[in-house]
2 protein chains.
Amino acid sequence: MTLYLERGFEETTVAEIAELAGLTERTFFRHFSDKREVLFAGAGALQELMVSAVRAAPASLSPFDVVARAVVAAGDAMGPGQERALLRQRVIDANDDLKERELIKLAALGRALAHALIERGVDDPVASLAAEAGIAVFRVAFERWVRGPADADLSDVIDSSIATLSVITQAREPGKRQDHG
Amino acid sequence: MTLYLERGFEETTVAEIAELAGLTERTFFRHFSDKREVLFAGAGALQELMVSAVRAAPASLSPFDVVARAVVAAGDAMGPGQERALLRQRVIDANDDLKERELIKLAALGRALAHALIERGVDDPVASLAAEAGIAVFRVAFERWVRGPADADLSDVIDSSIATLSVITQAREPGKRQDHG
DNA sequence: TACACTGATGACAGTTAATGACATCAACGT
DNA sequence: ACGTTGATGTCATTAACTGTCATCAGTGTA
């Protein structure tokens with residue numbers, strides 16, 4: 001993180017990272033599958049947290065409510081570390097390769113959530129859509145939170161984004177099917 | 001595409017591609033910024049198509065309906081080339097690096113759609129969420145279409161997915177805010 | 001014809017991410 | 001003392017990219 005912030009991601013070589021850490025390149029690649037993965041090592045924990053939240057949700061909730069609860073749980077867990085998350089995000093935003101890696105982590109998270117929903121008995125198109133919608137909310141809310149005031153609560157932004165999405169998708173022409181021919 | 005299908009993406013070197021095309025490596029990298037980009041050169045056209053659809057939509061439509069129309073327009077354009085799209089998708093699905101690139105193209109598409117909505121006067125959180133939801137629908141529907149029967153119409157799958165998402169996000173506990181303590 | 005300019009390509013060297021193979025060394029139990 | 005195991009170092013190699021200069025075809029102009 002120190003080197004990435006100082007001189008950027010591309011300009012930092014693995015040799016430099018290894019030297020600063022007192023290791024060799026080879027050891028670096030034993031710990032991280034590639035140069036980007038250093039910044040995403042903790043993504044697995046977040047995914048497990050959200051999947052657990054899905055599993056722990058009451059059976060009475062609708063699929064989307066279950067996902068919403070998982071997203072809020074993730075927001076709570078990320079509460080105190082706003083500064084660290086912000087630095088990390090700054091590094092990621094400055095580099096396209098890192099953005100790609102972030103996106104695939106989110107996609108994996110979406111699949112995991114969908115899978116957890118299916119295990120609860122939700123049908124597949126519904127499960128995937130609810131999960132993807134949840135990821136979309138998470139992404140948008142996170143960005144609003146990072147760019148917003150320093151004392152804002154991520155959970156509040158998430159709540160608000162969930163409500164907004166709900167309103168948006170309701171405001172449709174009732175029963176009218178899109179024509180396409 | 002020939003080499004990627006024969007031996008996979010990782011196992012195909014740029015030198016081999018260049019040789020088959022009767023060019024040098026250097027020339028390959030002058031046409032494509034990196035090895036993956038060969039498969040995504042046409043993504044820009046699709047994005048322009050969808051942005052145009054957003055701009056051309058009647059002012060009376062809700063933001064989500066506008067996005068839905070753009071997604072359907074993309075589905076129509078992709079109608080005849082199912083076989084080619086399927087081969088391409090098979091190559092992409094078999095490799096994580098290519099999945100990453102695909103995701104960032106979709107993310108760029110999402111931002112472009114959100115921007116087009118904002119130009120129509122839609123507020124920012126609403127625009128981003130509508131766009132992201134549209135992308136989610138597109139992704140889920142496209143996957144269902146690719147894996148589904150060969151004679152299926154992508155536009156129909158998209159229509160159905162849009163309707164499903166609409167239903168999902170409506171089926172919430174009315175007015176109840178998620179607790180997170 | 002001669003000349004200048006431009007754009008695309010080739011030729012070549014160099015950097016760096018990433019991987020495989022083997023050696024070393026400390027910790028641990030028997 | 002001995003073998004095992006896990007983490008690390010060392011060395012060699014592949015292949016993605018990049019910088020730089022040379023070449024060459026096409027085009028306009030005197």
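Within every chain, numbering begins at 1; the chains are lettered A, B, ... in the order of the sequence lines, protein sequences first and strands thereafter. Because the structure is a prediction, the values reported are computed rather than measured.
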Quiz item: CD of A:E19 versus C1' of D:dT10: gap in Å, rounded?
Solution: 17 Å
Quiz item: Quick one: B:F32 CZ to D:dA15 P, roughly how many Å, whole number?
Solution: 21 Å
Self-check item: Distance in Å, A:L98 CG paired with A:E10 CD, rounded so as to fall on 0.5 Å steps
Solution: 8.0 Å
Quiz item: Rounded to whole angstrom units, what separation is found between the CD atom of B:E11 and the P atom of D:dA15?
Solution: 11 Å
Quiz item: Tell me: NZ of B:K35 to P of C:dA18, nearest whole Å?
Solution: 13 Å
Quiz item: In whole Å, what is the span from the CG atom of B:D34 to the P atom of D:dT18?
Solution: 8 Å
Quiz item: How close or far is atom C1' of C:dG7 from atom CG of B:L23, stated in whole angstroms?
Solution: 15 Å
Quiz item: Among C:dG10, D:dG19, C:dA18, which is the nearest nucleotide to the side chain of B:R26?
Solution: D:dG19
Quiz prompt | Side chains of A:Q89 and A:E102, donor plus acceptor under 3.5 Å | solution = yes
Quiz item: Is any side-chain nitrogen or oxygen of A:T24 closer than 4.0 Å to OP1 or OP2 of D:dT8?
Solution: no
Quiz prompt | Side chain of B:F29 (C-beta onward), nearest among C:dG10, D:dC17, C:dA17 | solution = D:dC17
Quiz item: A:H31 side chain N/O closer than 4.0 Å to the phosphate oxygens (OP1, OP2) of D:dA7?
Solution: no
Quiz item: How far does CD1 of A:I168 sit from OG of A:S161, to the nearest 0.5 angstrom?
Solution: 9.0 Å
Practice problem: Determine the interplanar angle of the A:W145 and A:F142 rings, folded into 0 to 90°, and report it as parallel if under 30°, tilted if 30 to 60°, perpendicular if over 60°. | Solution: tilted
Practice problem: Starting from P on C:dA17, measure out to CZ on A:F9 and report it in whole angstrom. | Solution: 8 Å
Quiz prompt | First encountered from the 5' end of DNA chain D, between A:E25 and B:S33 | solution = A:E25
Practice problem: Just compare C:dT9, D:dA15, C:dA21 and give me whichever is closest to any side-chain atom of B:T13. | Solution: D:dA15
Quiz item: How many Å lie between CZ on A:R36 and P on C:dA17, as a whole number?
Solution: 12 Å
Exercise. May I ask you to check whether A:S160 and A:D156 show a side-chain donor-acceptor distance below 3.5 Å?
Key: no
Quiz item: Of the nucleotides D:dC17, D:dG9, D:dC21, which has the atom closest to the B:R30 side chain?
Solution: D:dC21
